[in-house]
Every structure is written in structure tokens, then in C-alpha cells.
2 protein chains.
Amino acid sequence: MKRKTRKEILYEEAAQLFMEKGYPASSVRELADRVGIEPSSIYSHVKSKEELLVKICMDTAYYFSEGMNEIETSDKNPIESIHILIDLHINAVRVLPASVTVFTDEWKHLPANAKAEFIDIRNKYQGQWLHILQEGIKQGQLKEVNPMVMRDTILSSLRWVHYISDKKDLKKLKRTSAEIKSLLLEGIQA
Amino acid sequence: MKRKTRKEILYEEAAQLFMEKGYPASSVRELADRVGIEPSSIYSHVKSKEELLVKICMDTAYYFSEGMNEIETSDKNPIESIHILIDLHINAVRVLPASVTVFTDEWKHLPANAKAEFIDIRNKYQGQWLHILQEGIKQGQLKEVNPMVMRDTILSSLRWVHYISDKKDLKKLKRTSAEIKSLLLEGIQA
DNA sequence: GTCTATAACTTGATAGAC
DNA sequence: GTCTATCAAGTTATAGAC
């Protein structure tokens, strides 16, 4: 386990703060307070408060898009791909819960440039999801339903996992993960 | 159709603004601009910016809790109840899309008193969901899965419906609603 | 890299004329 | 009920000493 640099700590505390209060309601003063330095010292490490948001959101966006690209270049079938993608989400929440929450809830506060890039990445990711689902429908593995409704239902249903309490409890997380997959693939009915 | 009072217009515009920018990033100045009056005139209608948030969140919270209470006092079986509750969500999005979004995303910015009340209502609502699902599991209609995971997956999956584009197109909305129910009850697999 | 001091600005809200 | 004028407080960010 590598020792964390001050800058890394800063990003982690920023993600935590932005998650708790939302980006606009988070002040540089409070962030400094949590890190244990004076507000102005923040600017020895980052150019602006916005820079923190940009890095948190973009790193997470690239995490998801890279995971998706790996699937695309493999030859997994749609059902296998869906399993891997759900694991990707749950694993992200396990490793970087605050970043994922900020990525999900605060991206709209990104500055124009970063926001455009973010939306591009997201659109591509969602397009890749769509393609997988369409393929699954065509192959008869997935139900004949509007694939966009299917995709948005899946992605939305994965959003609450930020709030799983015991993210360190790997065994419990694995069980929850299996249950979520079962619910999405086979539904809630017995 | 009753003519809207200035105050009603103010609440609607506030909900719209809070949805677009988030509550902390929304300024009284911009709200006044959208309504077409000077910032100070806002205070002839409401006591504070917070009051707007409180009313938007609480009205929506009571809409859901009342819908749930009606189900509880009826004698619907679990599956019927779930259908009605999903309809309740989709209908809310149809009628008051901005309010539902603010209710979902901005409640954490409520002042302490209102927030406590909000959380109470939400906890009760979620508890009632849990009870319905537990009953469904006991009766063998629902799958043997952690009912909290089941509930959170369902509620989370309903959150994206704010973003349905054609909320006025009743026919399309009805089709989407049927598809969502099918996905949740029977899963995405064919 | 951290500090103190402060600039430059935006915020929610009020006072008082009309 | 709406306006103009303004306040008090909070914001991000910078300058310059150490």
C-alpha cells in the first residue's frame, strides 16, 4: 500500500465533501478544514475548486468507459457482458464510493469544456450498452422491449448501490451483487 | 383550468430552476428574472428561498405517502400493490416532473426541521414498501431475496423516468410504463 | 508548502418610497 | 405588490512573507 500524497488526500476529501453537501454547497474553507490546512494552501495543490470536480468526474467516467471498451473488444455474449458491467458498477462503488456518487450527482456543475467531454463519454458508454442489449434481443436472449427503456432501467437501478452500508464486507457485497443480477435478469417475481 | 396565481407560477419556476441547476446553485436573482420581477419582489410572496424548497419537497413527499396509505388501507395483494405504486411514480413524473426531480435530488438541502420531517415520511414510505415485498415473498409471489435489496432496486430503477422525453404523449408513456413493469416483475431475459 | 491578509465578487435578504 | 438602493455575510482566489 503506497503512502498517499497530500494531493491524493485532497482529492479524496473533496470527493467525500462534494458527496455530502453537493458541489456548489461545498466550500474551499471546509475542504481545507478537513484536510487540516488553511484555505489558501489548497491552491498550492490545485488551480481551483473546479479542478477537483473535473478530476473526480473524469477519472470515474474513464473508469467506466475503459471497462466497457474491454468488453467490446472481447467476444462475450450479451448476457455475459451484462454480468461484467454490473460487476464493474458494484466494484466502482466498493473502491471509490464517494467519487462514484459525485460522478453520478454532480457532473452537471462541470465547466463547459469538461461537461461536453463528460457527456460525450457518457453518450458513448450508453450507446455501447444499447448495442449489447439490442444484440441480446436479436439473439433471443433478452425480452422484446424498447432497448432504451431496458438500458435506463438497468443503469438507474444500479445507482442506489452507493448507499450500501457495509462496502468493506466483501462477502455481503457479493451476495448483494448476485441478488441484484438475479432481480434484473429474472425479475422480482418468484 | 384555474388561472395560476403569481405564487403558483413562482413555485413552478423555482422547481424548474432547482431541477436545472440544483438548489444551492440557483439564485434568487435568476428566479426573479425568470418570473419577470425584481429579486426583492420575490419576498412579497415567500419568506425565503428555503421556503420554496420546503414546499416543493414536502408536497411531493405527501403525494407519495398518501398514495401509499391508500394502498395500505385497501386489500390489494402485493403484486397489485406494486403495480399501483409504480403507476404512482410514473404519474407523478407526468404531472410534476420538476417537483419530482427536486424532491429526489435536492432534499438534502432542506433546513434541519423540514429535513427531519422529510426523512420521517420517507422512512415510513420505504417501510411500507418493505412490508408489501415481505408479504409477497411470504405468499410465494415474489422471489426469496433480501427484501431491502429488492425495494432499493425497484425504487432506484424508477428514478430515471424523470428524463422521459415525451411526457405529454400519454400513449407512449403508457407503453413505457408497461415495459418498466414487465422488466421489474419478470426481468430483462426473454 | 503553508501561512496571514485581503481583494473581488456573489449571495440571500431588508428598508422604505411609490 | 413592485421597485431602487443597499447591507451583511459568504464565496473563490491571489499576493507576499516565511
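Looking at I71(A) and L85(A), their side chains come closer than 4.5 Å, going by heavy atoms from C-beta outward.
If you measure from atom CG of L53(B) to atom P of dT11(C), you get 17 Å, rounded to the nearest angstrom. Distance D33(A) CG to dT11(D) P: 12 Å, rounded to the nearest Å. For the pair H45(A) NE2 and dC3(C) P, the interatomic distance rounds to 10 Å; values are reported in whole Å. The distance from atom CD1 of I42(B) to atom C1' of dT11(C) is 14 Å, rounded to the nearest whole Å. When the P atom of dC3(C) is taken as reference, atom CD of E38(A) falls 5 Å away, rounded to whole Å. Separating the NE2 atom of H109(B) from the C1' atom of dT11(C) is a distance of 15 Å, rounded to the nearest angstrom.
Counting heavy atoms of neighbouring residues, nucleotides and ligands inside a 6.0 Å radius, atom NZ of K108(B) exceeds 12 of them.
The pair E51(A)-K55(A) does not count as a salt bridge, with every side-chain nitrogen at least 4.0 angstrom from each carboxylate oxygen. Between E72(A) and K124(A), no side-chain nitrogen of the basic residue sits less than 4.0 Å from a carboxylate oxygen of the acidic one, so the salt-bridge criterion is not met.
Here the two rings, on F103(B) and F64(B), have centers that are under 6.0 Å apart.
Side-chain contact, E12(B) with Q16(B): no donor N or O sits under 3.5 Å from an acceptor N or O. Between the side chains of N69(B) and Q128(B), at least one donor N or O sits under 3.5 Å from an acceptor N or O.
With rounding to the nearest 0.5 angstrom, the CZ atom of R34(B) is 16.0 Å from the CZ atom of R29(B).
Taking the screw axis at each terminus of the helix from dG1(C)-dC18(D) to dC18(C)-dG1(D) from five consecutive base pairs, the angle between the two is 0° to within rounding of 10 degrees.
The stretch residues 4-14 of chain A has no heavy atom under 4.0 angstrom from DNA chain D at all.
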If you restrict it to nitrogen or oxygen atoms, what contacts under 3.5 Å exist between nucleotides 12-16 of chain D and the protein, and what is each distance?
residue	atom	partner	partner atom	Å
dT12(D)	OP1	S26(A)	O	3.2
dT12(D)	OP1	V28(A)	N	3.3
dT12(D)	OP1	K49(A)	NZ	3.3
dT12(D)	OP2	V28(A)	N	3.1
dA13(D)	OP2	Y43(A)	OH	2.9
dA13(D)	OP2	K49(A)	N	2.9

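OP1 or OP2 of dC3(C) has at least one side-chain nitrogen or oxygen of S41(A) nearer than 4.0 Å.
Within the cation-pi definition used here (under 6.0 Å to the ring centroid, within 45° of the axis), K49(A) qualifies as a partner of Y23(A).
If you run side chain to side chain contact (heavy atoms under 4.5 Å, CB included) between K138(A) and each of E135(A), Q134(A), Q141(A), only E135(A) comes through.
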